[in-house]
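Because the structure is predicted, anything quoted here is derived from the model rather than measured.
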Amino acid sequence: MKNLIIILFVGLISIGAYAQEKVAKIEFKTDVIDYGTVEKGANGVRTFEFTNTGNAPLIISSVKSTCGCTVPKKPKGPIMPGETGTIEVKYDTNRVNPIRKTITVISNADTPTVALKIKGLVIDPNKTSVLEKKEKSMIEQ
């Protein structure tokens, strides 16, 4: 009887050791979005797509940007295993300058913090660069 109890106890422990822990996994199609060269005032909305490749619901608790010029939007509810979701990012294209921003995603995934990046250049087509070569120099005019 004592040996039977020991065998059952060891069996239960070994089954528990092999049981898989349910965990969410987040996989993005890409972790960098390149806006390219966009004009001032253009549509600054882009979308990061991801899939929950784990076996537990994925809950995104926070999505933050490094700057107030970039506003990210997280999904409202949990993303079930196998489902896809999106994180929408809106950059203020009224700011004429290069774009180099980081969006931090915090979730219950096996990798709880993921850094996403956006890059590009916003130009004002109404202004010409002082570096552009003119047809005539100031002296010739």
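Summarising the local packing, NZ of Lys74 is surrounded by more than 12 heavy atoms from other residues, nucleotides or ligands at distances under 6.0 Å.
In this structure, the side chains of Thr104 and Thr113 come closer than 4.5 Å at one or more pairs of heavy atoms. Under the 4.5 Å side-chain criterion, counting only non-hydrogen atoms from C-beta, Val105 is in contact with Leu116. No side-chain heavy atom of Phe48 sits less than 4.5 Å from a side-chain heavy atom of Thr86. Two residues are said to be in side-chain contact when any heavy atoms from C-beta on lie closer than 4.5 Å; Ser65 and Thr102 fail this criterion. Between Ile26 and Val114 the shortest side-chain heavy-atom distance falls below 4.5 Å. Ile60 is listed as a side-chain neighbour of Phe50, based on a closest heavy-atom distance under 4.5 Å. Side-chain contact between Val32 and Lys119 is present, with at least one heavy-atom pair separated by less than 4.5 Å.
Sorted by first and then second residue, the salt bridge (charged side-chain N to carboxylate O under 4.0 Å, His left out) pairs involving residues 30-52 (not counting sequence neighbours) are Lys29-Glu49.
Qualifying salt bridge (charged side-chain N to carboxylate O under 4.0 Å, His left out) partners for Arg95, counting only residues two or more places apart in sequence or in other chains: Asp92. Take Lys101 and apply the side chain to side chain contact (heavy atoms under 4.5 Å, CB included) test, not counting sequence neighbours, and it matches Thr66, Cys67, Cys69, Thr70, Tyr91, Ile99, Ile118.
The shortest heavy-atom contact between Gly82 and Thr51 is O-CG2, 4.1 Å. Heavy-atom minimum distance, Gly41 versus Asn94: CA-OD1, 3.5 Å. Nearest heavy atoms, Ile59 versus Pro78: CG1-CB, 3.9 Å. Between Val63 and Pro72, the closest heavy-atom pair is CG1-CB, 3.3 Å. Val122 approaches Val96 most closely through the heavy-atom pair O-CG1, 3.3 Å. Closest approach of Ala24 and Asn108 over heavy atoms only: CB-OD1, 4.0 Å.
With Ser61 contributing its side chain and Ile106 its backbone, the two residues share a donor-acceptor pair below 3.5 Å. Formation of a donor-acceptor pair under 3.5 Å by the Asp110 side chain with backbone atoms of Lys25 is not found in this model. A donor-acceptor pair under 3.5 Å is formed between the side chain of Asn52 and the backbone N or O of Ala56.
For the atom pair CG (Leu58) and CD (Glu83), the distance works out to 10.5 Å, reported to the nearest 0.5 Å.
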Side chain to side chain contact (heavy atoms under 4.5 Å, CB included) between Ile79 and Thr84, worked out: CA-CA 7 Å; Ile79 309 300; Thr84 60; over 6 Å; no
